Number of protein chains: 2
Amino acid sequence: MRGLFNNLQIKVPPQLYIKDPESSALGKKIVSEGILLIDALGFESFTFKKLGQKIGSPESTIYRYFENKHKLLVYLSSWYWAWLEYKVVFATVNITSHKKRLQKALEALCETVQQDQKYDHINEEKLQKIVISESSKAFYTKEIDQENKDGYFSSYKNLCERLVEIVKELNPEFKYSHTLVSTLLEGIHLQKFYGEHLPSLTNVSHKDDRTVQHFFETMILSMLKNG
Amino acid sequence: MRGLFNNLQIKVPPQLYIKDPESSALGKKIVSEGILLIDALGFESFTFKKLGQKIGSPESTIYRYFENKHKLLVYLSSWYWAWLEYKVVFATVNITSHKKRLQKALEALCETVQQDQKYDHINEEKLQKIVISESSKAFYTKEIDQENKDGYFSSYKNLCERLVEIVKELNPEFKYSHTLVSTLLEGIHLQKFYGEHLPSLTNVSHKDDRTVQHFFETMILSMLKNG
DNA sequence: CGAATATAATAGTAAAACTATTAATGTGGC
DNA sequence: GCCACATTAATAGTTTTACTATTATATTCG
């Protein structure tokens, strides 16, 4: 995927920020250093004050870009989902075999991001780590219904729809394509997380992308055949 | 499942509490009112101070039972997993057909708990809601490796092992039984959560236990046949 | 009944999660 | 090049959270 997106701007729902962080150098710095700091400290210990110290700005400046750290997390997750959607689209374009399309999509979803080629100011490798370990906190809140209504999760939904299309090509009769796809997406991250931290709950070992991919390919193909 | 466990004590790893909340009336009140309050406020807004006000005790008293609210959450989750394990065991005992055993286990896992029969002082209905929306926060922390080493997640692992046995009966050759079971357990909760809050990501509707059960039964049986 | 233990009542601290105010700096238009 | 305007820096302040500490008052258990 090297350099593929150099001229593409990933779109994130604007209700997630106060001022678009892509619109200034400081905004980009907030995002790029924010990723590094959340990855280093974990979301609970991450604060705007610490981020301010890291980038040499007062925390009040960061508040002019993001209402609070929760919204920053939703923003980062959305960016990741939108980026993944592009990866899936490019990986499957021009491929005609339905099965091959599924396999290519799964490969894009399961691969552990390498640090060699960065999209602009964003470290996708660390962002992926954040999404794996922190992104569920973005929707397990009491405000989810309102935030959903306000479109906070549209990037994730877009990715899901994209994958539902690929599933439906293989079996248009299948009744649970959305359930299958959402189980897949969360399942991939869960298995990677377990592989690293709770190995007794999984058969995949750390950074073993192939096993994850093979498991979920088997899952989808056999369900579409028998479901 | 009415009254089945009236004389059974659910065991939770003792490293999760400072003083066993089952050992005093106040401890039980902390747990029972804690469940209600976390359900009402969400875990982020829940504090020991608010819980203290609700039970008429100072927060310092609660700290003598639980080190912090994170450990209370791990305690509650562990109680739930241990309780679910018993449910699965009782649902499958004396059943000889391997397939029937799986179906009974899935039924126990998927059913939405009713409030009619309470285990002792614990409101399982609300506890289940908490586990669905909050329990992932119990392990998505920076301390997971140490906490895992300290045995915080043994109840969950026990439940997984129990289900792995049932899967292995059906196909002893299957290489991904742990991955299958952990995908199942999280998947059930995820689908219930989506059914309630993000319906466009799922084909199950709110409290539609049968669809969830059927989906995962199809998933397991078809994977064991084709994997 | 007395000693240990649990709980209540109260106070206090450091940090988190903001909000507000003013000063300095930069930038775009004329 | 300078003025207007917007952005950022510097600083301070508030409320709440997540604890810790101290002492007084009940309880209970040997």
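Chain letters run A, B, ... following the sequence lines, proteins first and then strands; every chain starts at 1. Any value given below was found using the heavy atoms of this structure, including those in side chains, with hydrogens, waters and symmetry copies removed. Note that this is a predicted model, so its numbers are computed, not measured.
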Ring pair (Phe, Tyr, Trp, His ring centres under 6.0 Å) contacts touching residues 30-65 of chain B (sequence neighbours left out): B:Phe48-B:Tyr63
Can you name the side chain to side chain contact (heavy atoms under 4.5 Å, CB included) partners of A:Glu22, sequence neighbours left out?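 For A:Glu22 the side chain to side chain contact (heavy atoms under 4.5 Å, CB included) partners, ignoring immediate neighbours, are A:Gln9, A:Asp20, A:Lys28, A:Tyr75, A:Trp79, A:Asp120, A:His121.
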B:Thr179 meets the side chain to side chain contact (heavy atoms under 4.5 Å, CB included) criterion, sequence neighbours left out, with A:Gln191, A:Thr202, A:Asn203, A:Val204, A:Phe215, B:Tyr176, B:Thr183
Would you please confirm or rule out a distance under 4.0 Å between OP1 or OP2 of [N] and any side-chain N or O of [X]?
X	N	result
B:Tyr65	C:dT7	yes
B:Ser57	C:dA8	yes
B:Lys19	C:dT7	yes
A:Thr47	C:dA17	no

Do B:Asp208 and B:Thr211 pair up side chain to side chain, a donor and an acceptor below 3.5 Å, judged on atom types alone? yes
Decide whether B:Gln15 and B:Tyr152 meet the rule of one side-chain donor and one side-chain acceptor closer than 3.5 Å. no
Extract from the structure each pairing of a protein N or O with an N or O of nucleotides 18-21 of chain C at less than 3.5 Å, listing the distance.
from	atom 1	to	atom 2	distance (Å)
C:dC18	O5'	A:Tyr63	OH	3.1
C:dC18	N4	A:Glu59	OE2	2.6

For A:Lys129, all residues meeting salt bridge (charged side-chain N to carboxylate O under 4.0 Å, His left out), sequence neighbours excluded: A:Asp39
For [range], which residue pairs qualify under salt bridge (charged side-chain N to carboxylate O under 4.0 Å, His left out), counting only residues two or more places apart or in two chains?
range	answer
residues 49-59 of chain A	A:Glu33-A:Lys54
residues 157-166 of chain B	B:Glu85-B:Arg162
residues 140-153 of chain B	none
residues 179-192 of chain B	B:Lys192-B:Asp209

Calculate, to the nearest 0.5 Å, the distance between atoms CG and OG belonging to A:Asn123 and A:Ser32 respectively. 9.0 Å
Rounded to whole angstrom units, what separation is found between the [atom1] atom of [X] and the [atom2] atom of [N]?
X	N	atom1	atom2	result
A:Leu41	C:dA15	CG	P	15 Å
B:Lys49	C:dG12	NZ	C1'	12 Å
A:His70	C:dA16	NE2	P	19 Å
A:Phe66	C:dA16	CZ	P	20 Å
A:Leu51	C:dA16	CG	C1'	14 Å
B:Gln53	C:dT10	CD	P	13 Å
A:Ile18	D:dT7	CD1	P	13 Å

Examine A:Tyr80 together with A:Trp83 and report whether their ring centres are nearer than 6.0 Å. yes
If you check every side-chain atom of B:Leu26, which of C:dT7, C:dT10, D:dT11 has the closest atom? C:dT7
Scan nucleotides 22-24 of chain C against the protein and return all N/O pairs shorter than 3.5 Å with their distances rounded to 0.1 Å.
none

I want to check something: taking the side chain as every heavy atom from C-beta on, are A:Ser135 and A:Ile130 in contact at a cut-off of under 4.5 Å? no
Looking at DNA chain D, which of residues 27-37 of chain A put a heavy atom within less than 4.0 Å of it? none
Does a side-chain N-to-carboxylate-O contact under 4.0 Å join A:Lys87 and A:Glu111? yes
Rounding to 10°, can you tell me the angle the first-five-pair axis of the helix from C:dC1-D:dG30 to C:dC30-D:dG1 makes with its last-five-pair axis?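 Between the axes fitted at each end of the helix from C:dC1-D:dG30 to C:dC30-D:dG1 lies an angle of 30°.
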